[in-house]
Protein chains: 2
Amino acid sequence: MATKGKPMTYSLSEMKDEFIGKTGTKKRDAYEHELSMEVLSYMIKKVRQERNLTQEQLGQLVGVQKAQISKLESSANSATIGTILKVFKALKAEISFHVKIENRKLQFG
Amino acid sequence: MATKGKPMTYSLSEMKDEFIGKTGTKKRDAYEHELSMEVLSYMIKKVRQERNLTQEQLGQLVGVQKAQISKLESSANSATIGTILKVFKALKAEISFHVKIENRKLQFG
DNA sequence: ATAGAAGTTTCTAAATTTGGAAACTTTTGA
DNA sequence: TCAAAAGTTTCCAAATTTAGAAACTTCTAT
């Protein structure tokens with residue numbers, strides 16, 4: 001898709017800034033928060049597929065029925081860290097957490 | 001601390017391989033699992049300190065009593081993803097998750 | 001088109017987390 | 001040294017997650 005003069009590639013951050021709002025705005029915060037909420041569900045599913053496993057097979061590896069895998073893949077935000085780690089362990093996948101401290105003043109009171 | 005001839009710097013992975021065991025060994029797996037279990041607790045505390053907050057102040061930001069913050073900082077593995085995200089949001093910190101798929105065959109049956 | 005595989009939803013009970021409140025312990029700074 | 005601040009632990013109840021089982025829906029390959 002050609003446009004006139006404007007570069008066609010943006011980094012993900014730049015796109016977020018432009019279309020969603022700069023880091024710190026309410027809209028961006030909400031977006032990032034929702035993104036984080038569902039990213040783990042997506043990851044579990046993605047890795048399972050990468051491993052060519054059905055939910056039932058993964059369930060066996062974890063030691064639960066397929067229904068629990070399905071629920072996790074649809075919404076992991078209410079799952080405990082321990083549960084998530086158990087699943088990734090069964091998938092032979094290493095998960096790591098990275099924290100970035102934003103340069104904004106905290107408000108409270 | 002000087003030694004003869006041997007380089008003094010290792011990457012974290014190399015050190016893990018040498019002192020704990022290669023990825024895939026039971027010992028390494030156990031280590032990684034335990035590490036993941038507690039890293040979030042550590043991160044919450046670290047970021048809070050980085051922000052120069054007491055547990056009570058962070059509690060106010062999150063909307064809970066300081067006791068809950070203390071419990072989270074001592075053991076986050078049983079907390080839900082949602083709870084963890086709520087705390088990091090209050091700390092104005094972005095958390096991201098990274099998954100690395102290990103190249104090992106899965107066994108099940 | 002269709003049957004079976006794969007995935008989703010619902011109901012239920014047990015297990016566990018969340019959070020308050022208060023007592024307790026440790027740390028800190030004067 | 002000591003009092004106050006900061007952090008931890010315990011008890012309890014409400015809220016929520018976990019998991020099984022089964023019914024239901026969607027997907028897939030023939």
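All chains are named by letter (A, B, ...) in the order of the sequence lines, taking the proteins before the strands, and each is independently numbered beginning at 1.
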S.K.: So A/Ser70, base contact, sugar-phosphate only, or nothing? Heavy-atom distance under 4.0 Å.
M.R.: base
S.K.: Is there a side-chain contact between B/Lys92 and A/Ile101, using heavy atoms and a 4.5 Å cut-off?
M.R.: no
S.K.: Suppose we screen for side-chain hydrogen bond (donor to acceptor under 3.5 Å, both in side chains). Which residues come up paired with B/Ser78, at least two apart in sequence or across chains?
M.R.: none
S.K.: Distance check needed: C/dA6 C1' versus A/Gln60 CD, whole Å only.
M.R.: 14 Å
S.K.: Atom NZ of A/Lys46 to atom C1' of C/dG7: distance rounded to whole Å?
M.R.: 17 Å
S.K.: Which whole-number value in Å describes the distance from B/Gln49 CD to C/dT27 P?
M.R.: 13 Å
S.K.: At the 4.0 Å heavy-atom cut-off to chain A, mark where contacts on DNA chain D begin and end, going 5' to 3'.
M.R.: D/dT17 to D/dA22
S.K.: Given B/Asn77 and B/Leu40, is the side chain to side chain contact (heavy atoms under 4.5 Å, CB included) satisfied, shown in steps?
M.R.: CA-CA 8 Å; B/Asn77 59 294; B/Leu40 285 172; over 6 Å; no
S.K.: Say you draw a straight line from OG of B/Ser70 to NZ of B/Lys45; how long is it, rounded to the nearest 0.5 Å?
M.R.: 8.0 Å
S.K.: Checking A/Thr83 now: which residues fulfil side-chain hydrogen bond (donor to acceptor under 3.5 Å, both in side chains) with it, not counting sequence neighbours?
M.R.: A/Thr80
S.K.: Once you round to the nearest 0.5 Å, how far does CG of B/Leu61 lie from CZ of B/Arg51?
M.R.: 10.0 Å
S.K.: Quantified as the angle between the terminal helix axes (five pairs each), what is the overall bend of the helix from C/dA1-D/dT30 to C/dA30-D/dT1 to 10 degrees?
M.R.: 70°
S.K.: Less than 4.5 Å apart, any side-chain heavy atom of A/His98 and any of A/Ser96?
M.R.: yes
S.K.: Contact between A/Leu91 and A/Leu53 at the side-chain level, heavy atoms closer than 4.5 Å - yes or no?
M.R.: yes
S.K.: Enumerate the protein-to-nucleotides 16-21 of chain C contacts in which both atoms are nitrogen or oxygen and the separation is below 3.5 Å.
M.R.:
{"from": "C/dT18", "atom 1": "OP1", "to": "B/Thr80", "atom 2": "N", "distance (Å)": "3.0"}
{"from": "C/dT18", "atom 1": "OP1", "to": "B/Thr80", "atom 2": "OG1", "distance (Å)": "3.4"}
{"from": "C/dT18", "atom 1": "OP1", "to": "B/Thr83", "atom 2": "OG1", "distance (Å)": "2.8"}
{"from": "C/dG19", "atom 1": "OP1", "to": "B/Lys86", "atom 2": "NZ", "distance (Å)": "3.0"}
{"from": "C/dG19", "atom 1": "N7", "to": "B/Gln68", "atom 2": "OE1", "distance (Å)": "3.2"}
{"from": "C/dG19", "atom 1": "N7", "to": "B/Lys71", "atom 2": "NZ", "distance (Å)": "3.4"}
{"from": "C/dG20", "atom 1": "OP2", "to": "B/Gln65", "atom 2": "N", "distance (Å)": "2.9"}
{"from": "C/dG20", "atom 1": "N7", "to": "B/Gln68", "atom 2": "NE2", "distance (Å)": "2.8"}
{"from": "C/dG20", "atom 1": "O6", "to": "B/Lys71", "atom 2": "NZ", "distance (Å)": "3.2"}

S.K.: Are A/Val62 and A/Lys86 close enough that some pair of their side-chain heavy atoms sits under 4.5 Å apart?
M.R.: yes
S.K.: Not counting sequence neighbours, list each pair that qualifies as a salt bridge (charged side-chain N to carboxylate O under 4.0 Å, His left out) and has a residue in residues 68-81 of chain A.
M.R.: A/Arg48-A/Glu73
S.K.: Taking the side chain as everything from C-beta on, heavy atoms only, tell me whether B/Ile84 gets closer than 4.5 Å to A/Phe97.
M.R.: no
S.K.: Are any of A/Arg48's side-chain N or O atoms less than 4.0 Å away from OP1 or OP2 of C/dA6?
M.R.: no
